[in-house]
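The block underneath contains the structure these notes are about, expressed in structure tokens.
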Amino acid sequence: MKKVFRYQIVYLLLAGLFVLAVFMNINTGNVNISFGRILRIIFCGAESGAAEYNIIWKIRLPRLLSAAILGGALALSGFLLQTFFRNPIAGPFVLGISSGAKMFLAITMIFLLKYIPSMPMWAQVAAAFIGSVLSLLYVLLFAGTVKSMSTLLVLGIMISYICSAVTDLCITFANDSDIANLTYWAMGSFSGSSWSTVRLSAVIVFPAAFAAFLFAKPIGAYLLGEGYAKSMGIPIKFFRVCIIVLSSILSACVTALAGPVSFVGIAVPHITRMMMKTAKPGVIMPAIFLSGSVFCMFCDLAARTVFSP
């Protein structure tokens with residue numbers, strides 16, 4: 001009963017922090033808008049066309065929703081990779097997934113934008129996904145020959161540095177405008193979010209997250225050992241492929257739409273485990289997604305207000 005009570009308290013705390021983050025992100029900025037006015041604009045559609053209406057609907061709401069969706073995706077991706085490698089420091093950046101996505105997307109943006117006036121967002125996500133999968137597949141090629149997971153993580157770090165070096169090489173020979181765009185994008189930010197970004201991220205992230213939640217019981221068995229998972233009738237090879245694909249989709253979507261946001265995938269799963277004091281996937285996975293959303297929303301709030309204007 002104590003454990004159930006603790007889970008309830010943590011979920012209520014996260015829900016309260018989520019509501020607080022939404023309110024602060026909408027209310028805080030160079031233009032102060034009263035709470036009553038915010039409610040009228042959002043729920044009643046009042047003052048359509050006014051400056052405050054445009055600020056809320058075209059700038060602040062898309063930005064906070066993107067931070068919520070993509071932050072949850074990145075945290076869940078980190079949890080899946082930590083489960084797969086059974087290593088607490090595994091994550092999209094440590095294993096080179098995000099660096100591979102960044103490299104492939106940078107190459108695509110530099111060379112294809114010469115022939116295509118504007119690159120659609122779905123193409124950015126596709127390019128980032130291809131790069132992330134190629135990087136992870138390269139790591140997994142050595143999985144059969146390398147005995148220790150620590151060595152495999154070192155290989156992932158090497159691939160991450162190689163991808164970063166190739167990206168820097170491409171930037172060296174790019175045009176000034178491409179360099180500026182890539183440099184700004186490489187910092188990682190939710191500032192360029194729009195409703196199309198929110199829609200695309202929701203279409204990709206929510207089905208992938210739901211599919212990951214369906215693997216909660218196989219993940220729990222896998223954490224107890226491959227032998228135990230096999231005895232429970234779990235097809236290990238298929239399970240591994242699913243985990244890899246889902247984590248790559250989630251991290252690639254974040255990298256393509258918000259840039260390489262690095263630390264969330266490693267930090268948030270550990271913070272959530274410490275709060276809930278459990279490793280049960282069915283209990284902790286929704287909390288990890290919610291924690292990633294809250295974490296990124298508050299980080300984005302700090303990023304745009306600390307040195308405001």
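A quick note: this is a predicted structure, and the numbers were derived from the prediction, not measured.
When the side chains of ILVMFWY residues are joined at heavy-atom separations under 4.5 Å, either directly or via intervening members, Met158 and Phe104 end up in two distinct hydrophobic clusters. Note: the hydrophobic cluster containing Val166 does not contain Ile130 (ILVMFWY, side chain heavy atoms under 4.5 Å, direct or indirect links).
The closest side-chain heavy-atom distance from Val254 to Leu257 is not below 4.5 Å. Between Ile271 and Ser291 the shortest side-chain heavy-atom distance does not fall below 4.5 Å. Contact of the Leu76 side chain with the Leu246 side chain is not registered, since no non-hydrogen atoms from C-beta on lie closer than 4.5 Å. Contact annotation: the side chain of Met275 approaches that of Leu14 to within less than 4.5 Å [non-hydrogen atoms, C-beta and beyond].
In this pair, Phe239 and Phe215 present their aromatic rings tilted. The plane angle is within the 30 to 60° band.
Judged as a side chain to side chain donor-acceptor pair (under 3.5 Å), not a single pair has a partner in residues 164-173 (not counting sequence neighbours). Pairs of residues two or more places apart, or lying in two chains, that qualify as side chain to side chain donor-acceptor pair (under 3.5 Å) and include a residue from residues 62-79 are Arg63-Asp300, Ser66-Ser193.
For the side chain to side chain contact (heavy atoms under 4.5 Å, CB included) test with Arg60, the passing option among Asn27, Asn25, Ile55 is Ile55; the others fail.
Here Phe298 pairs with nothing under the ring-ring contact (aromatic ring centres under 6.0 Å, His included) rule; sequence neighbours left out. Every residue two or more places apart in sequence or in another chain was checked for a ring-ring contact (aromatic ring centres under 6.0 Å, His included) with Phe190, and none qualifies. Taking Tyr161 as the reference, nothing meets the ring-ring contact (aromatic ring centres under 6.0 Å, His included) condition, with sequence neighbours excluded.
In this structure, the side chain of Trp195 engages the main chain of Trp57 through a donor-acceptor pair within 3.5 Å. Between the side chain of Tyr11 and the backbone N or O of Ala287, at least one donor-acceptor pair lies under 3.5 Å. No donor-acceptor pair under 3.5 Å is formed between the side chain of Arg273 and the backbone N or O of Ile284.
Across Ile219 and Ala212, no two heavy atoms sit closer than the pair CD1-O, 4.5 Å.
Here Val19 is tied to no hydrophobic group at all, with no ILVMFWY side chain closer than 4.5 Å.
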